[in-house]
Amino acid sequence: MSTINADRPADALRAGDRQADQERAESKPLGGIAGWLDDRTGAAKGMSFVLKKVFPDHWSFMLGEIAMYSMIICLLTGAFLTFWFVPSASPVVYDGSYIPLQGVTVSDAYRSTLDISFDIRGGLLIRQIHHWAALVFCVAILVHMGRVFFTGAFRKPREINWVIGSILSMLAIVEGFAGYSLPDDLLSGTGLRAAEGFMRSIPIIGSYVSYFVFGGAFPGEAIIPRLYAVHVLLLPAILVGLFTAHILLVFLHKHTQYPGPGKTNNNVVGFPMMPVYIAKAGGFFFIVFGVIALISALVTINPIWGYGPYDPSPVTAGSQPDWYMGFADGALRLLPGFLEFTAFGYTFSFNVMIGAILLIPIMYTLIGVYPFFEAWVTGDKREHHLLDRPRNNPTRTGIGVAAMTFYIVLFFASGNDLMAIKLHLSINDLTRLFQLLIFVGPPLAFWITKRICLSLQRADRQKVLHGRETGVIWRYPDGRFEEIHAPLTPQERWVLVQHESPEPLVITAETDANGVESPIARKERLRAKLSHFYFKDRVAPPTPSELEAAHHHGDHGVETHEPEAIEAGGAPARETIKADRQN
């Protein structure tokens, strides 16, 4: 029998363990409430990761924050409005404070909206803040997506975040439409009447879809409660969930940053979340809230008392949807009438369906799949954390500007009737003009944008090789004049030469040794053609040898009036002289 621990009781054996546990508890960095929560949730490790997260400092990153803050403002003001809004289309007699409508039979939704505007203290201001914040939310998402697109921030590993952003932008449009349809005034009712017509344009099943959504024949009394549930419960839950996933992925990935000295794909140069960035973000939230509140206090939007309650009988000419639906309204106006025809006993109204039903999902689908398309064309499977300067990817920038031109033409086409009235022009001539621009404008914008980007690349190349123009003119003894060029600093030069200049893909052998065509040859030919479309016109950044040759030429004071040919598609070299000749 062993007697090693016979004289030591069990408590004495565990005394050291209890002492170690006590020391670990006392050595924890958190105390008080924070320590109590950490002991029970283990949140300290996650919070430490979040608070130490580094964010680069650039004004364009605020665009996404504006979208997030405006959504928060919409949620806060929307919660306030739900206390008094009655989502019902039941008829009631209005007896509120707005005298011109007293005694008029209106819907309960319209009456409650008037009560919020005139009888609830601060109600009108909150209504307007809610509406303006929704508009800012939609525009901030679009501008933020533009920044992401033109700088290439959608590339691996952020393709999923790009898809989430595309869905957010599309759902924001639907959420806005549902929101401004709730008051049941003449303008929103006209929008709902148009939406019902859009549903009926769906071939074969259109009338069934309309009856399902409206709970019977238009207008019915079911649509307002259904829109309310979608606007207050369904879509906000999806939007908040997608926004949460979007932010989590931003934290998971290294934040993108613009090229600069010391910035690589393996680091992030900026400020930590705590205390610097969280203080800036908090202050920026109140700035956004203050600006939206100021606009809401000074600029009236959606004055439903001026429109009156919805009545299907009046013809409301000149009515316009909120701006984010303008492009779809413009497409509806530009589609030709011959797209409506009868076949097999059914009427096919593609002149309505294409613009009103198909355009939005098709457009956002193309936007969502673009990162995968570009990765396939370029064959680039690497992770990218450094952003592109838009000029250094001329084809992508041209595609983006062409898409913007397409959108802008449709947007302005949605106001062709008001333009015709105010400018005393023919609405038919304006429609023909916009129909022409929808085909001519995007390709022309693409070509002009690409030429500008290539010109800027050549200017950057010349600046790297020969220095920055100083505006100082040097006169030689023989009477010649030349401008002095100051050399760039290494930091300035690095930004201009750090980008890659991919060459177009070259098709390998399309057949094997026996002359049998490769099963992927057709796909590779298409990929090679698209690669040439992307990279055929390219201006390569100067190589170290070219830079050394240019400096060597200047150091020896060799003056020449013969232009030198620069390889890789560059422009002819300019005559330059050393900056130190002014000494």
Side-chain angles (χ1 to χ4, degrees), residues 134-146 149-150 165-177 180-181 187 190-191 193-195 197-199 201-202 316-340 349-370 397-423 425-449:
L135 300 183
V136 173
F137 176 56
C138 292
V139 72
I141 288 181
L142 284 180
V143 178
H144 174 63
M145 290 182 66
F149 180 84
F150 286 113
S166 303
I167 298 174
L168 275 170
S169 181
M170 183 177 66
L171 292 182
I173 292 176
V174 180
E175 173 76 338
F177 174 79
Y180 79 66
S181 299
L187 180 62
T190 302
R193 184 65 183 90
F198 301 157
M199 297 175 194
S201 70
I202 302 174
T316 52
S319 60
Q320 304 287 330
D322 276 349
W323 73 267
Y324 44 80
M325 295 295 294
F327 73 100
D329 190 17
L332 188 66
R333 300 181 186 215
L334 295 186
L335 286 166
F338 64 76
L339 291 177
E340 179 175 305
S349 301
F350 291 112
N351 59 326
V352 176
M353 180 185 173
I354 293 176
I357 302 296
L358 297 181
L359 177 63
I360 293 177
I362 290 176
M363 183 181 74
Y364 279 99
T365 299
L366 293 175
I367 292 173
V369 302
Y370 180 83
T397 303
I399 291 173
V401 174
M404 290 172 57
T405 304
F406 179 80
Y407 179 92
I408 291 172
V409 171
L410 292 181
F411 180 81
F412 278 97
S414 67
N416 60 350
D417 53 343
L418 297 180
M419 293 180 189
I421 294 172
K422 299 298 182 181
L423 301 177
L425 298 174
S426 168
I427 190 172
N428 293 326
D429 292 342
L430 284 174
T431 302
R432 297 291 182 271
L433 174 63
F434 287 124
Q435 288 175 334
L436 176 65
L437 287 176
I438 206 67
F439 292 102
V440 176
L444 184 62
F446 172 83
W447 181 80
I448 293 175
T449 302

Who pairs with D322 by salt bridge (charged side-chain N to carboxylate O under 4.0 Å, His left out), at least two apart in sequence or on another chain? none
Applying salt bridge (charged side-chain N to carboxylate O under 4.0 Å, His left out) to R193 and not counting sequence neighbours gives E196
Which atom pair, heavy atoms only, marks the closest approach of F350 to L335? O-CD1, 4.1 Å
Give the minimum heavy-atom separation between N351 and L339, together with the two atoms involved. N-CB, 3.5 Å
CZ on F434 to CE on M419, rounded to 0.5 Å: 4.0 Å
Nearest non-hydrogen partners of Y324 and C138, listed with the distance: CD2-SG, 3.7 Å
Taking every non-hydrogen atom, the tightest pair across L410 and L359: CD1-CD2, 4.2 Å
Taking only residues two or more places apart in sequence or in another chain, which ones pass ring pair (Phe, Tyr, Trp, His ring centres under 6.0 Å) with F137? none
Taking the side chain as every heavy atom from C-beta outward, state whether I360 and V174 have any atom pair closer than 4.5 Å. no
How long is the straight-line distance from CG of L437 back to CG of L433, given to the nearest 0.5 Å? 4.5 Å
Side chains of M145 and I367 in contact at under 4.5 Å (non-hydrogen atoms): yes
Classify the ring geometry of F411 against Y407: parallel below 30°, tilted from 30° to 60°, perpendicular beyond 60°. parallel
Would you indicate whether the side-chain heavy atoms of F327 and I173 approach each other to under 4.5 Å? yes
Results of side-chain hydrogen bond (donor to acceptor under 3.5 Å, both in side chains) for S169 - residues two or more places apart only: Y364
Restricting to ring pair (Phe, Tyr, Trp, His ring centres under 6.0 Å), what partner residues turn up for F149, sequence neighbours left out? F154, Y370
How would you list all residue pairs meeting side chain to side chain donor-acceptor pair (under 3.5 Å) that involve residues 435-449, not counting sequence neighbours? none
Tell me, do F150 and V401 make a side-chain contact under 4.5 Å, heavy atoms counted? yes
Closest approach of N416 and L430, non-hydrogen atoms and distance? O-CD1, 3.6 Å
Working to the nearest 0.5 angstrom, can you tell me the gap between F198 CZ and L332 CG? 5.0 Å
Here the pair of heavy atoms bringing I357 nearest to S201 is CG1-OG, 4.1 Å
Are more than 12 heavy atoms, taken from residues, nucleotides or ligands other than M404, located less than 6.0 Å from that residue's CE atom? no
Min side-chain heavy-atom separation T431-R333 under 4.5 Å: no
Would a 4.5 Å heavy-atom cut-off, applied to side chains only, mark P321 and F177 as touching? no
